[in-house]
Amino acid sequence: SVGTDHIDLAAARARGLAVFNTPGVLADSVAENAIFLMLGAARRGTEAIALLRERAWHGWQPGQLVGRQLSGRTLGILGMGDIGRRIAARARAFGMPIHYCNRKPLPPEQAQGAVFHGTPAELVRAVDVLVLACPATEATRGVVDAALLAQARPGLIVVNIARGDLVVDRALIDALQSGQVYAAGLDVFAGEPAIHPDYYDLPNVFMVPHIGSATHEARMGMGRILIDAIEAWQRGEPAVNRVV
């Protein structure tokens, strides 16, 4: 993975263990998955698939499964790193204005006109879709809580392709049930695979089982970058993806 929040880096360092990650090679696959989740949530994918799979569709109707169009809606990205910027590039093709929240503004050549916000609260007040693309840290765990969602524009769409513990499940579920959040597209969950059971019963949750990097290209790239790093480490040479 790119993130290392699931590794005790201090313990590895104390034992002299080398730790490597896989930056870059999975970024396109994860960014594509974010767009997939965004579309599935906005266009009521869970309900549409169920209607067909349950053999309950009786033909086209003008008011059937009317969802949300993404073009013209404002996208907010929490964590405008490599993956966040690739999500932004794809969303621009949909005609979505881009806003983002980082610890500090990006240089203009990376921001590409995206609007900076200094806090998540400022971001959610300005956007129609919120994509979580930041690492899980002490500062970001539980960032999507009841207080944040209460400040969002009514009908927000939430997409999480980062880490499950960025979201307080009860808060998101309550907001989905009340309509404060229109829909969610989720690839990651707190405590996975034992995810919060209420998600299964919400038709406005479009969810997949942590498949962000599950493409042939990404997985082969992840393997290659680790093999190269281990071979460099064995030769006593530096590896660009060595974390410890």
Side-chain angles (χ1 to χ4, degrees), residues 1-10 13 19-35 37-38 73-153 156-168 171-172 185 187-188 190 212-213 225 238-244:
S1 66
V2 178
T4 57
D5 52 289
H6 54 303
I7 304 294
D8 189 334
L9 297 180
R13 190 176 291 108
V19 177
F20 306 94
N21 70 347
T22 59
V25 294
L26 53 75
D28 281 327
S29 288
V30 175
E32 289 174 6
N33 192 45
I35 300 299
L37 291 168
M38 198 186 313
R73 296 187 185 274
T74 302
L75 172 62
I77 301 174
L78 183 58
M80 194 76 146
D82 183 27
I83 291 173
R85 294 195 299 275
R86 295 183 197 223
I87 294 169
R90 288 158 172 78
R92 287 188 185 97
F94 283 55
M96 301 182 78
I98 310 298
H99 291 226
Y100 72 100
C101 178
N102 262 6
R103 286 174 293 181
K104 59 183 181 180
L106 293 172
E109 65 273 14
Q110 292 186 347
Q112 295 289 300
V115 178
F116 172 74
H117 296 269
T119 67
E122 291 177 11
L123 183 67
V124 296
R125 288 195 290 265
V127 303
D128 304 301
V129 181
L130 175 67
V131 173
L132 307 178
C134 59
T137 67
E138 290 301 319
T140 60
R141 290 187 185 96
V143 64
V144 179
D145 59 9
L148 184 75
L149 294 174
Q151 298 182 68
R153 291 179 180 179
L156 180 72
I157 294 173
V158 175
V159 173
N160 190 3
I161 50 88
R163 286 289 184 265
D165 58 5
L166 301 179
V167 173
V168 177
L172 179 57
D187 181 55
V188 290
S213 66
I225 196 174
V240 294
N241 57 323
R242 183 170 181 177
V243 180
V244 171

Over all atoms of both residues, closest heavy-atom pair of Ala146 and Ala171: N-CB, 3.3 Å
Thr74 side chain near Met96 side chain, heavy-atom distance below 4.5 Å: no
With no hydrogens and no angle check, is any side-chain donor or acceptor of Asp165 less than 3.5 Å from a backbone partner on Arg141? no
Between the main-chain N or O of Arg163 and the side-chain N or O of Asn160, is there a donor-acceptor pair closer than 3.5 Å? yes
Counting only N and O atoms by type, is there a donor-acceptor contact under 3.5 Å from the side chain of Glu122 to the main-chain atoms of Gly118? yes
Give the intermediate values and the outcome of side chain to side chain contact (heavy atoms under 4.5 Å, CB included) for residues Leu132 and Val159. CA-CA 6 Å; Leu132 307 178; Val159 173; over 6 Å; no
Would you say the side chain of Leu75 lies within less than 4.5 Å of the side chain of Val127, judging by non-hydrogen atoms? no
Does a side-chain heavy-atom distance below 4.5 Å link Ile225 with Pro23? yes
Closest non-hydrogen contact found for Gly24 with Arg86 is O-NH2, 4.2 Å
Would you call Arg13 and Asp8 a salt bridge, using N to O less than 4.0 angstrom? no
Do the side chain of Thr140 and the main chain of Pro135 share a donor and acceptor less than 3.5 angstrom apart? yes
Point-to-point distance, once rounded to the nearest 0.5 Å, from CG of Asn33 to CG of Asp187: 4.5 Å
Under 4.5 Å between any side-chain heavy atoms of Leu26 and Val2, yes or no? yes
Is the closest side-chain heavy-atom distance between Leu130 and Leu156 below 4.5 Å? yes
Minimum heavy-atom separation for Ala136 and Leu166, please, with both atom names. CA-CD2, 3.9 Å
Could you tell me if the side chain of Ile161 sits less than 4.5 Å from the side chain of Ile87, heavy atoms only? yes
Distance check, rounded to the nearest 0.5 Å: Met80 atom CE versus Gln112 atom CD? 9.0 Å
So which heavy atom on Pro105 is nearest to which on Tyr100, and how close? CA-OH, 3.4 Å
Do you know the tightest heavy-atom contact between Val131 and Met38? CG2-CE, 4.0 Å
With side chains defined as the heavy atoms from C-beta onward, is the minimum distance between Leu9 and Val243 less than 4.5 Å? yes
Got a donor-acceptor contact below 3.5 angstrom from the Asp145 side chain to the Val168 backbone? no
Does the pair Phe116 and Leu106 meet the rule for a side chain to side chain contact (heavy atoms under 4.5 Å, CB included), with working shown? CA-CA 8 Å; Phe116 172 74; Leu106 293 172; over 6 Å; no
Any side-chain to backbone donor/acceptor pair from Arg242 onto Pro238? Under 3.5 Å, distance only. no
Which atom pair, heavy atoms only, marks the closest approach of Cys134 to Ala162? O-CB, 3.2 Å
Could you tell me whether a side-chain N or O of Asn241 sits under 3.5 Å from a main-chain N or O of Asn21, the two making a donor and an acceptor? yes
Is the closest side-chain heavy-atom distance between Ile77 and His99 below 4.5 Å? no
Return each pair, listed once, that meets salt bridge (Lys or Arg N to Asp or Glu O under 4.0 Å) where at least one residue sits in residues 125-137; pairs must be two or more places apart or across chains. Asp128-Arg153
Determine, step by step, whether Asp28 and Arg90 satisfy the side chain to side chain contact (heavy atoms under 4.5 Å, CB included) criterion, reporting the C-alpha distance in whole Å, the side-chain angles of both residues, the deciding distance to 0.1 Å, and the verdict. CA-CA 10 Å; Asp28 281 327; Arg90 288 158 172 78; 2.9 Å; yes
